[in-house]
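I'd like to ask you about the structure that follows.
Both ligands and their constituent atoms are indexed starting at 1 by order of listing.
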Amino acid sequence: MNNFSFRCPTRIVFGKDTIAKVAENIRDFGGSRVLMVYGGGSIKRNGVYETVTASMKEAGIYYVELPGVQPNPRLSLVLRGIEVFRAEKLDFILAVGGGSVIDTCKAISFGLAVPEGKDIWDDYFMVAGAPIPRGPLLGTVLTLPATGSEMSNSCVISNEKTNVKRGVNHENNYPAFSITDPQVCFTLPPFQTACGNVDMFSHLMERYFTNTPDVALTDALLEASMRVIVQYGPMAYRNPTDYACRENLMLASTLAHNNLFGCGRVQDWASHWLEHELSGEYDIAHGAGLAIMIPAWMKYVWKTNEKRFAQFATNIMGSRVPVSETERLVMDGITRFEDWCHSMGLVTRLSDAGITDKDFELMATRMLTGGRVFAGHFKELYHEDIVNIYRLAL
Ligand code: NZQ
Ligand code: ZN
């Protein structure tokens, strides 16, 4: 295991009927004038909007609304949010939605602290490892377990002018609190449930595929979490109001990406970079893109560490192929992952998503800009490797 330092300051308020506690939590963190950010209207249809605004009104909290966050959240709305926050002299940001809404809020927060003369996109999103300034605090009411953004240090934004989608990771991105009530998942469309399941699985997988030795404890935590998602994911897809499934998946989403299970391990993240290019270029859902890129990445890199891939197939995907038949075992593990995605209505090929090879070179070139030399750590991937993986995914 490697040395590490770990800090994750987000308060999680979990369980049934916890959304009404939003005002109490805002007050706990000193908020009284709130920018409330949400998406295209799902929260108005499922009652979450009503509960959140009633709680703030009752507590005498002033709030201004910023609706309209789109999936694959756009830089333009971040800039608009910064303007509104300043004009209204607000002091707290509240995200009510999925990862796209939360990431918009994270970017608004640190965007407010960007020093004069610096640009939020060019000097932060496009500079690998740029230190993120600390902005106003934000809280979240999560409505879609998937990204783990409710307790992660990541913020992923798309620049609609360049089709570039980039993430920044920094301690200053953590929300102060996140309210996670599994009942909100009852109104999720099956497609979003499926995408969320693949995304939370992928955050564990990106940490699991490592060459760091002696990581038995985090291996066990990662494997157990992935097995639960493999089991409960399709159940929630088929039966959206199964609370037992929803609560386990909601907690899995949070634990998958708060990095506790990644401590002491070199992590991979190539599948995410491959996917971010796809959703930047084609505006597809992140989880849907991962269902395509993960199997292709696996087929390309498995020989780097056959033992780990055999362990994945046996301990997580439930393959019974004997370890002595390594290649057959590894391929069975990958096929089982693909079958799992198919069981939730997702495709695992670019051609099935209507994507051809015309932008592979462009996406590979764009991925390795802004100080990036290669993608991934399990196996370092350069331009040619990246194009080869996109080809394998066709
Ligand atoms: O916009 P509304 O009307 O709210 O509808 C949303 C949206 O259409 C809908 N939805 C959300 N909760 C719902 C609901 N519909 C009915 N009932 C509910 N309870 O779902 C749709 C998708 O929402 P979105 O927020 O885009 O999905 P997700 O949470 O998957 O977020 C995806 C974004 O997060 C990034 C992805 O790349 C993508 O841009 N990621 C962020 C990460 C992070 N910050 O830590 C890590 C991830 O790896 C990921 O890259
Ligand atoms: Zn993800």
Side-chain angles (χ1 to χ4, degrees), residues 8 10 19 37-49 51 67-75 77-78 95-107 109 132 138 140-160 165-170 173-175 178 180-207 236 240-241 246 250 253-254 256-259 262 267-280 283-291 293-294:
C8 178
T10 306
I19 296 176
V37 183
Y38 55 94
S42 68
I43 63 164
K44 291 200 169 162
R45 292 189 291 277
N46 63 13
V48 171
Y49 174 90
T51 310
V69 175
Q70 293 168 257
N72 297 319
R74 313 298 203 262
L75 180 63
L77 197 76
V78 171
V96 188
S100 296
V101 173
I102 299 175
D103 287 1
T104 299
C105 290
K106 288 177 174 178
S109 170
I132 299 302
L138 67 102
T140 90
V141 175
L142 179 69
T143 65
L144 168 46
T147 63
S149 189
E150 67 274 13
M151 203 181 196
S152 84
N153 67 0
S154 316
C155 166
V156 186
I157 296 293
S158 294
N159 183 331
E160 61 268 56
K165 180 175 181 178
R166 280 289 166 102
V168 290
N169 305 317
H170 193 274
N173 283 333
Y174 285 114
S178 285
T180 61
D181 178 347
Q183 294 173 119
V184 298
C185 304
F186 293 171
T187 59
L188 278 172
F191 174 71
Q192 292 300 339
T193 296
C195 290
N197 293 335
V198 173
D199 194 20
M200 59 180 95
F201 182 93
S202 75
H203 297 152
L204 298 158
M205 186 218 92
E206 297 278 22
R207 294 174 165 94
T241 55
R246 293 300 195 182
M250 199 135 197
S253 147
T254 303
H257 200 32
N258 74 356
N259 209 30
Q267 305 176 14
D268 188 61
W269 296 100
S271 301
H272 266 72
W273 286 24
L274 288 156
E275 193 301 304
H276 284 166
E277 289 304 322
L278 276 190
S279 45
D283 202 18
I284 62 171
H286 175 58
L290 286 168
M293 293 322 308
I294 288 171

- Out of T143, L290, N46, whose heavy atom sits nearest atom 11 (C) of ligand 1? T143
- What protein heavy atom sits nearest atom 40 (N) of ligand 1, and how far away is it? T147 CG2, 3.6 Å
- Message: If you round to 10 degrees, what value do you get for the angle at the Zn ion (ligand 2) between H272 atom NE2 and H286 atom NE2?
- Response: 100°
- May I ask you to identify the nearest protein heavy atom to atom 50 (O) of ligand 1, giving residue, atom name and distance to one decimal place in Å? H276 NE2, 2.9 Å
- Task: Using non-hydrogen atoms of the residue, decide whether K165 is closer than 4.0 angstrom to ligand 1.
- Result: yes
- Out of V69, D199, L144, I43, indicate the one that has the non-hydrogen atom closest to atom 23 (O) of ligand 1. L144
- Message: Given 3.5 Å as the limit, does a donor-acceptor pair link the side chain of K106 with the main chain of S154, or not?
- Response: yes
- Message: I'd like to check whether S42 has a polar contact with ligand 1, where a contact means an N/O of the residue lying under 3.5 Å from an N/O of the ligand.
- Response: yes
- Item | Per-atom contacts of ligand 1 with S152, taking only distances under 4.0 Å to non-hydrogen atoms | 43 (C), 44 (N), 45 (O)
- Metal-centred angle, NE2 of H203 through the Zn ion (ligand 2) to OD1 of D199, rounded to 10 degrees: 80°
- Message: Please list the nearest protein heavy atom to atom 25 (O) of ligand 1 with its residue and the distance rounded to 0.1 Å.
- Response: S100 N, 3.0 Å
- T187 neighbourhood, listing ligand 1 atoms whose heavy-atom distance to it stays under 4.0 Å: 16 (C), 17 (N), 18 (C), 19 (N)
- In the protein, what heavy atom is nearest to atom 47 (C) of ligand 1, and what distance, to one decimal place, separates them? H203 NE2, 3.5 Å
- Note on the structure: So the atoms of ligand 1 within less than 4.0 Å of a heavy atom of H272 turn out to be 48 (O)
